[in-house]
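What follows is one structure encoded as structure tokens, with my remarks underneath.
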Amino acid sequence: MKVCDSTVSNNFKAGESLGAIDALRGYAILMVLAAHAVPPNLVWPARRLMLMGFFGVQLFFIASAVTLLMSWSRSDQSFGLKNCRFFIHRFFRIAPLYFLAIAFYWVVDNTTRADFDVERLISTLLFVNTWSPHLLPTTGGWKPVPGGWSISVEFCFYFVFPILALAVTNMRRALLFVAVAYVIMLATAVYGQTLYAEITAVERSNFLYFWFPNQLIVFAIGFLLYRCLASQTICDFVARSRISTPIASAFMLAATFALSYIGLEKEGIAPTHLLMSVCFAAWSLVMLLKPDRLIVNRFITAIGKVSFSIYIVHFALLKLVSYGMEALWPFGKEGVLSLPYTMFLLAIALGMSYAISVITYRTIEQPLVQLGKRLAENLPAKLFSARQSGIG
């Protein structure tokens, strides 16, 4: 099935293509879970590859940019109305579960009153905690939500998305956006070395990696992917080519393995998160244009559908499963035996995370998403009616 015409989003109403989007999210959360599940005694070749799952977050960012652009293009409302509804939708999609997670991890991590930091709490609630290493925190201390940096970066993207969507309206502008974002990434890497002299070089490096200006290039690549999906020429080229989703997936795996020898290279003209994002975009293009039942299967799409909940809960469940495995695992955990140990750990953590996430998805995420939709639909109408009544 092709996914190309002047309004890309119309073609993505088909369940097959929506399933491909969920599959991308599913693979992204599997990568993240794998990276966080790596035990210290795992043999090095497997450890090196699994740690590349750290870049599953970038796959989430790319999928987010594409799906938001599809949704944005479906509406022919005025910019102000569309903008208002966009922020209401995104807030109710992300914020309520994220805020609940702060309380959840306060209890799970046995956080004490002495650990509490009001600045970190406020910056987390406002999604601006990636703008300081003391708020993130890369300098130690209380983490309101493990992995919360990516959610804050995502929200920073929401803050600028309407302007970007208004400006980046064709392939040429998408390429320009990628170029500008690349320059911003390089400039902030250099400028960032002069910031926060009181922290260590490692802490500064971590902060600069998580910083939104460093991740903007990933969202720009998502914009470019969307424009590729809208290009009839590119769609026709992919359709005529012999490359299939399984072949593209094999290349993606090979590229990940090759880049694992570089590891988490945070600086330079081609940092690893940039190289992985380029590979993700090429892979996603084929998957979205040529969805295949082997790769876009029911298992991975089901995981992708509840991937946000899995991201929130998996930190706690990995810790719980690790404790249980340490006590109950009957075999060795060194050398080759570390492989089955890790696979069991990952499988159990994934199963538990999925089971709980289905519940949170149905009882928390979806009801609040529907509430957000109702508010988005009704709030602008009320404002307009108020204006009309005032004029009369």
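Note that the structure is a prediction, hence the values are computed from the model and not measured. If you read the sequence from its start, that first residue is 1, and numbering goes on from there.
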Where the side chain of [X] meets the backbone of [Y], is there a donor-acceptor pair that is under 3.5 Å apart?
X	Y	answer
Ser205	Val202	no
Thr360	Ser357	yes
Tyr196	Ser132	no
Ser277	Gln58	no
Arg120	Trp142	yes
Asn206	Glu203	no
Asn378	Arg374	yes
Lys290	Val238	yes
Arg93	Gly372	no
Thr301	Gly19	no

Legend entry - Donor-acceptor side-chain pairing of Ser152 and Asn129 below 3.5 angstrom: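 Present: a donor and an acceptor within the cut-off.
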Does the gap between the ring centers of [X] and [Y] come in under 6.0 Å?
X	Y	answer
Phe157	Phe212	no
Phe54	His36	no
Phe331	Tyr341	no
Tyr209	His273	yes

Closest approach of [X] and [Y], non-hydrogen atoms and distance?
X	Y	result
Leu164	Phe177	CD1-CZ, 3.7 Å
Val43	Gly335	CG1-O, 2.9 Å
Pro367	Arg362	CD-O, 3.2 Å
Ala270	Leu275	O-CD1, 3.7 Å
Thr188	Pro213	CG2-CB, 3.5 Å
Ile29	Ser307	CD1-O, 3.9 Å

Approximate separation, where rounding is to 0.5 Å, of [X] [atom1] and [Y] [atom2]:
X	Y	atom1	atom2	result
Met352	Ile310	CE	CD1	12.5 Å
Phe92	Leu375	CZ	CG	5.0 Å
Cys279	Met252	SG	CE	5.0 Å
Ile300	Tyr27	CD1	OH	5.0 Å
Thr111	Asp117	OG1	CG	12.0 Å
Leu288	Ile21	CG	CD1	4.5 Å

Honestly curious: do [X] and [Y] fall in one hydrophobic cluster under the side-chain, below-4.5 Å linking rule?
X	Y	answer
Val180	Met171	yes
Tyr261	Met276	no
Ile262	Phe251	no
Phe207	Leu135	no
Ile269	Leu208	yes

Side-chain heavy atoms of [X] within contact of [Y], under 4.5 Å:
X	Y	value
Asp292	Val296	no
Tyr105	Lys143	no
Trp329	Leu345	no
Phe60	Leu24	no
Leu225	Phe280	no
Ser309	Leu97	yes
Leu339	Leu42	yes
Ile312	Ile151	yes

Inset, instruction - Before giving the answer on ring-ring contact (aromatic ring centres under 6.0 Å, His included), spell out for Phe161 and Phe86 the whole-Å C-alpha distance, their side-chain angles and the decisive distance to 0.1 Å. - result: CA-CA 9 Å; Phe161 173 80; Phe86 168 78; 5.0 Å; yes
Inset, instruction - Please assess Leu125 against Ile102 for the test side chain to side chain contact (heavy atoms under 4.5 Å, CB included), listing each intermediate value before the final yes or no. - result: CA-CA 9 Å; Leu125 295 176; Ile102 296 175; 3.8 Å; yes
Inset, instruction - Please name the residue in the list Phe210, Trp131, Phe155, Trp211 that meets the ring pair (Phe, Tyr, Trp, His ring centres under 6.0 Å) test with Trp149. - result: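 Going through Phe210, Trp131, Phe155, Trp211 one by one, the ring pair (Phe, Tyr, Trp, His ring centres under 6.0 Å) with Trp149 is satisfied by Phe210 alone.
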Legend entry - Under-4.0 Å salt bridge between Glu377 and Arg85: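 Result for this pair is no, no salt bridge flagged.
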Inset, instruction - May I ask you to say whether Asp109 pairs ionically with Lys319, meaning some side-chain N is under 4.0 Å from a carboxylate O? - result: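 So Asp109 pairs with Lys319 through a salt bridge.
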Heavy atoms from other residues, nucleotides or ligands near [atom1] of [X] exceed 12 (cutoff 6.0 Å):
X	atom1	answer
Leu126	CG	yes
Phe237	CZ	no
Lys305	NZ	no
Phe116	CZ	yes
Gln193	CD	yes
Lys266	NZ	yes
Phe159	CZ	yes

Inset, instruction - Before giving the answer on side chain to side chain contact (heavy atoms under 4.5 Å, CB included), spell out for Lys373 and Ile88 the whole-Å C-alpha distance, their side-chain angles and the decisive distance to 0.1 Å. - result: CA-CA 8 Å; Lys373 287 182 178 179; Ile88 293 174; over 6 Å; no
Inset, instruction - Apply the test side chain to side chain contact (heavy atoms under 4.5 Å, CB included) to residues Glu119 and His134: give CA-CA distance (whole Å), side-chain angles for both, the deciding distance (0.1 Å), then the verdict. - result: CA-CA 9 Å; Glu119 282 190 278; His134 302 296; over 6 Å; no
Legend entry - Derivation of the side-chain hydrogen bond (donor to acceptor under 3.5 Å, both in side chains) call for Thr233 and Asp236: CA-CA 5 Å; Thr233 301; Asp236 288 342; over 6 Å; no
Legend entry - Parallel, tilted or perpendicular: ring planes of His314 versus Tyr311, cut at 30 and 60 degrees: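 Correct class here is tilted.
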